[in-house]
Every structure is written in structure tokens, then in C-alpha cells.
2 protein chains.
Amino acid sequence: MATRTDTLTLEVVELIGTVVARYHEEYDRAAAEHSLTGAQARVLGLLSLEPLPMRKIAVRLKCEPSNVTGIVDRLETRGLVERRPDPADRRVKLAAATETGRRTARELRDALDFAREPLAGLSDAERTVLRDLLRRMLGEETP
Amino acid sequence: MATRTDTLTLEVVELIGTVVARYHEEYDRAAAEHSLTGAQARVLGLLSLEPLPMRKIAVRLKCEPSNVTGIVDRLETRGLVERRPDPADRRVKLAAATETGRRTARELRDALDFAREPLAGLSDAERTVLRDLLRRMLGEETP
DNA sequence: TGAATATTTCATGATGTCAAGTAAATCGGT
DNA sequence: ACCGATTTACTTGACATCATGAAATATTCA
């Protein structure tokens, strides 16, 4: 059984820290190429899949709804997103990506090669092992 | 050979995204328990290992030196960090963790169970595989 | 009608950038 | 070795973004 401080475990923890750092670097760099911040890119990515009420964006981002107002404001100013009324509930405003917004989101996704490219160096079998280990690490049961 | 969009690769990419999100949740939660922000906790963690000039902190954080001034200011106000002159170069200010700061940093590290605890569910052999796969993903050669 | 919900606005603080300023070290020519 | 010019380290100030929380408004629901 591993102690809390055995070398192997600490090594893996540090590697995960590096993965996290690398992921953010890549994400922010890709966003910056479109003059977007990380938060804006994240919201735009969500809205490129489907329109969402402000409330749900806040839940996904794990932040206060009042914060989302500003982020969507900035995206809307740049014509990447628009607010629509929800026909079913007049309290709700749906934020939806515009055509320009969807195009930008697509370019962003394509630029996010951080994980994809290095994974090309692994075989299918290795990728499968990695997937299963990550799943167990995250407490998801292998289906 | 994997295409850019094969299911397995996308699955792994998404898992890594989840790992990143989980990591930050845990990190910020642990920091918040000590009334620290993520950035403050990160700097305190660095300084608990060794005193560093402001410049080097900025390099580690990949941000502007002017930003570090504020973060260290706040840590200093709370008595967790102090600024010392560098005897070798009077332009330089060394930021160093105080005794209180080192204790806080230690508690923070102990609270960061995100990666350690779920890793306990993996065998030594599995951890070794995970370590090697992560290393290759990060482009580090296995020593 | 009264409670709960969705959004916005405002105040505040932390973080991030950039430009300008001060102090100290270093470099190059004499 | 000296001195002026450049570089380096840090801070300050102005400004944008992100984050929280409290209060205001509009709407829905019980």
C-alpha cells in the first residue's frame, strides 16, 4: 500500500500539475490568438454547441451568474454571441453563438492541439490504458 | 494511426479536461480554507521551498513582474512572506516565506489530496504505467 | 398575494497587462 | 581605473477582466 508521500505517487501528482499548467498555457494561447480571454473562449465553446440561459452558463463555469453577465456582454459587443428571449419563460435570456461566433469556436477547437498532438505518440493500446487509468482516477467507473 | 478526431483520442482529451477542472477545484478549495487565492497559494508554495527574487517568481508564474508585486504585498501583509535584500545585488528583493508561511504551505500541501487519494486505488504497477504515459505525453523522456 | 427564480447593476477586491519611473549593476571607450 | 550609456530589478499607476456578494427588477409559481 502506498503511503501519502511515496516517491511514485508524488511523481504522478507533479506530472498532473504539469499537465494542468500545459493545458492552460495552450488554452490561453489559442484564445489570445483570437483576442479572447480564457473565460470568454470557454463560454463561446459552450454556446457554439447550444444556446444556454445565463444561469446554466454560471453553473457550468462554477461562478456567480452576475459574473456571466459581463463575459457575455463582451462577447456580444464583439458580435460573437447574442441574447435571445426564451419564449417559454420571459425571465430567461438565452445566450447563443452567432455564425461568426461558431466559426471562431471551431477555429479555437482546431487550435487546441495540446492533448491531441502528443497523444499521437501513443499507440491505441496505450491510449486505452491511459483512458482507463484516468477514469479510475476520476472515480468514474469504466462502463 | 489515430486521426485527429478518433473517439478514443477525444475521450482522453476530455478526461484530461476533467482532470484539469478537478485539480483547480481542489486547489482553490484548499487555498480558500486558508483565506488564500489560488495565485497566493501558488506563490507561497514556491517560497516555502526557497526564497526567490521577484523576477523569478514572475517567470515561474509566467506573468509580468509588476503583477508579482501585488501578490507578494498581500502575502506580506498577512505575515506569510517577507521581503529581504539580496546581499549580492542591491536591486534584487528576495521574497521568503516566514515560519507561519511555511506552516501554512505545509497544511496546504497536506490538504491537496486530489491526486494522491484517488491514486491510492491504483496499484504500484498501474501508477508506474500512468507515470510513464504522462511523461511521454508531456514530451519528457523516461530517464 | 406571497415566495421563489432569472437576470442585471453596483461596489469591491484580486489578477493580469503595459508604460513610466527609480535604483543599482554592467559595459565600453578613454 | 573612471565615467557615461545601457541594461536589469522592482515598483507604481492606469486600465481591463474576472470573481463575489448585496440589492433591484421582472416574471413565474404555489
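Order of the sequence lines sets the chain letters (A, B, ...), proteins ahead of strands, with each chain counted from 1.
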Test side chain to side chain donor-acceptor pair (under 3.5 Å) applied to E33(B) - qualifying residues, sequence neighbours left out: R29(B)
Of N67(B) and G70(A), the one whose closest DNA chain D nucleotide lies more 5': N67(B)
Any residue meeting ring pair (Phe, Tyr, Trp, His ring centres under 6.0 Å) with H34(A), in chain and number order, not counting sequence neighbours: none
Close approaches to DNA chain C from residues 43-55 of chain A, in residue order (heavy atom, under 4.0 Å): P53(A), M54(A), R55(A)
Whether over 12 other heavy atoms sit under 6.0 Å from E14(B) CD: no
More than 12 heavy atoms of other groups within 6.0 Å of R55(B) CZ: no
Residue pairs passing the side chain to side chain donor-acceptor pair (under 3.5 Å) test where at least one lies in residues 85-98 of chain A, sequence neighbours excluded: D89(A)-R91(A)
B/S/- contact track for nucleotides 22-30 of chain D, protein heavy atom under 4.0 Å: -----BS--
Side-chain hydrophobic cluster, 4.5 Å single linkage: members besides L49(B): none
For S35(A), all residues meeting side chain to side chain donor-acceptor pair (under 3.5 Å), sequence neighbours excluded: none
Under the side chain to side chain donor-acceptor pair (under 3.5 Å) test, residues paired with R84(B) that sit two or more places apart: E82(B)
Minimum heavy-atom distance between M54(A) and A95(A), given as atom pair plus value: SD-CB, 4.3 Å
Rounded distance (Å) that lies between atom P of dT8(D) and atom CD of E64(B): 15 Å
Pairing residues for R83(A) by the side chain to side chain donor-acceptor pair (under 3.5 Å) criterion, not counting sequence neighbours: D73(A), E76(A)
Nearest non-hydrogen partners of I71(A) and A39(A), listed with the distance: CD1-CB, 4.0 Å
Residues in contact with DNA chain C, drawn from residues 76-86 of chain A - heavy-atom cutoff 4.0 Å: R83(A)
Any pair counted as side chain to side chain donor-acceptor pair (under 3.5 Å), so long as it reaches residues 62-72 of chain A, sequence neighbours left out: none
R136(A) side chain vs L122(B) backbone, donor-acceptor pair below 3.5 Å: no
Boundaries of the chain A footprint along DNA chain C (any atom under 4.0 Å from a heavy atom): dT5(C) to dT9(C)
